[in-house]
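So that the names make sense, note that chain A is the first sequence line, chain B the second, and so on, each numbered from 1. This is a predicted model, so every value here is computed, not measured.
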Protein chains: 2
Amino acid sequence: MRHLADQIEVMKNKGFKVTHQRLVVLDYLQHSKKHPSAEMIYNDLKEKYPTMSLATIYNTLEMLMKINLVVDIGAPEERRRFDGILVEHSHFFCTKCGKIEDLTVPGIEQLFEKAKAAHPGTINHCRLDFFGFCEECQAQEEQAVE
Amino acid sequence: MRHLADQIEVMKNKGFKVTHQRLVVLDYLQHSKKHPSAEMIYNDLKEKYPTMSLATIYNTLEMLMKINLVVDIGAPEERRRFDGILVEHSHFFCTKCGKIEDLTVPGIEQLFEKAKAAHPGTINHCRLDFFGFCEECQAQEEQAVE
DNA sequence: TAAATATTGACATTTATTCTTCTTTAGTCT
DNA sequence: AGACTAAAGAAGAATAAATGTCAATATTTA
Ligand SMILES: [Mn+2]
Ligand SMILES: [Mn+2]
Ligand SMILES: [Zn+2]
Ligand SMILES: [Zn+2]
């Protein structure tokens, strides 16, 4: 599930056509650390691909989520934010500037197992999110006090 | 921060008036396991308090969140869902029927401390959420297969 | 090359939340 | 207790903007 060839296979196997646009969006998401919204993707890609439409971004995202190549990270915002990097990791949300950062905290696996054992239904996945001020916003806060 | 008297104090200290409506909404949230949306609160309360308006529910929720007596649990849904039970706990979201359940998983505190140490900014709070099928939905799935 | 599927780009939707106006109430002072 | 005032509530209308839709056109794939 790491290489482009595999991902093309996934699309094909699920009966989806492998289009230029889909590969571009997927590649963008796999190399971005921005956790972009649909519109951010659109804005970034339209420089290089000026005819790509926002509707396609939405359609593509929905399709990529359906085949589990992209996830909605559940940001506490109006618009949905996406991640194409599927290695298990947590997110930090700056409550001042809105920045979203990756954060890897070891030990989630054990909690996940505990939760599975404790819950009467079925648990497929979990998320561990953190909230606070990012480094820059924290520095600003401290300056403001002085 | 456990008793009504304390909570009335919090409201007063922050310069908010203690109104019947605010106490009703707060009490409702502190005794509900539904993690209701604004509209669910409205619908449930209007039987007993027919003149209470939806706008008041929204205003009250905003105010109660401001003074940290209520939180938005960040449900993966269109409408916001609220919790008035502030004892540290996780949530389980059924991806089939939308039910939200409380789940207590010991050991989050350690991860929180690790994350604080690892992050260059300031972390105020974290959330650990689980997703899957609730007991009922899981049973239905199994029946459907047979 | 043909059928199936996807993309465009303009436009529609929709519904959760906010705003507005008027009325009521909580908190304070005498 | 009565009166005053700023804040809050009621009711309904307005909003806003993220996302979905649609018909014509293009692309994929067998
Ligand atoms: Mn990430
Ligand atoms: Mn809860
Ligand atoms: Zn920040
Ligand atoms: Zn369920």
Flag side-chain contact, heavy atom, 4.5 Å: B:Tyr49 against B:His20 | yes
Atom CG of A:Asn13 and atom P of D:dT28: how far apart are they, to the nearest Å?
-> 19 Å
Got a sec, which residues hit side-chain contact (heavy atoms from CB on, under 4.5 Å) with A:Glu39, two or more places apart in sequence or on another chain?
-> A:Ser37, A:Asn43, A:Arg79
B:Asn59 CG to C:dA16 C1', in whole Å, measures 14 Å
Could you state the CE-P distance from B:Met11 to D:dA8, rounded to the nearest angstrom?
-> 11 Å
State, yes or no, whether a side-chain contact exists between A:Ile73 and A:Phe82 at a heavy-atom distance under 4.5 Å.
-> no
Would you tell me if any nitrogen or oxygen in the side chain of B:Gln21 comes within less than 4.0 Å of OP1 or OP2 on D:dA10?
-> yes
Search all heavy atoms of B:Ala75 against all heavy atoms of B:Arg81 and return the closest pair with its distance.
-> CB-CG, 3.6 Å
In whole angstroms, how far is the C1' atom of D:dA8 from the CD atom of B:Glu62?
-> 13 Å
N/O (side chain, A:Tyr58) to phosphate O (OP1/OP2, D:dG20) under 4.0 Å | no
Write out all pairs satisfying ring pair (Phe, Tyr, Trp, His ring centres under 6.0 Å) with one or both partners inside residues 26-48 of chain A, taking only residues at least two apart or from two chains.
-> A:His35-A:His91
Is a side-chain donor or acceptor of B:Ser90 paired with a backbone partner of B:Leu128 at a separation under 3.5 angstrom?
-> yes
Length of the line joining A:Met63:CE and D:dT28:P, which is rounded to integer Å | 13 Å
Take B:Phe131 and B:Phe93 through the test ring-ring contact (aromatic ring centres under 6.0 Å, His included) and record every step on the way to the result.
-> CA-CA 5 Å; B:Phe131 301 88; B:Phe93 299 95; 5.3 Å; yes
Which whole-number value in Å describes the distance from B:Tyr49 OH to D:dA10 P?
-> 12 Å
Under 4.0 Å: is that the gap between some side-chain N or O of A:Arg79 and OP1 or OP2 of D:dA17?
-> no
Do B:Gln138 and A:Thr122 have side-chain atoms, one donor and one acceptor, less than 3.5 Å apart?
-> yes
Give a yes/no answer on whether the side chain of B:Arg22 brings an N or O atom under 4.0 Å of OP1 or OP2 in D:dA8.
-> yes
Under 3.5 Å between N/O atoms: give me all the protein pairs with nucleotides 26-30 of chain C, atom names plus distance.
| residue | atom | partner | partner atom | Å |
| --- | --- | --- | --- | --- |
| C:dA26 | N3 | B:Lys17 | NZ | 3.4 |
| C:dG27 | OP1 | B:Val18 | N | 3.1 |

Pairs satisfying salt bridge (charged side-chain N to carboxylate O under 4.0 Å, His left out), at least one member in residues 122-132 of chain B, at least two apart = A:Arg127-B:Asp129, A:Asp129-B:Arg127, B:Arg127-B:Asp129
In whole angstroms, how far is the P atom of C:dT18 from the CG atom of B:Leu61?
-> 10 Å
Members of residues 50-57 of chain B that approach DNA chain D, where some heavy atom sits under 4.0 Å away | B:Thr51, B:Met52, B:Ser53, B:Ala55, B:Thr56
CD of A:Gln7 to CD1 of A:Ile67: how many Å apart, nearest 0.5 Å?
-> 8.5 Å
Starting at atom CD of B:Glu78, determine the distance to atom P of C:dT13, rounded to an integer number of angstrom.
-> 17 Å
Interatomic spacing from CG in A:Leu64 to CG in A:Asn59 - rounded to 0.5 Å = 10.5 Å
Check step by step if ring-ring contact (aromatic ring centres under 6.0 Å, His included) holds for B:Phe130 and A:His125.
-> CA-CA 6 Å; B:Phe130 298 93; A:His125 113 264; 9.3 Å; no
Expected list for residues 34-48 of chain A near DNA chain D, using heavy atoms below 4.0 Å, is A:Glu39
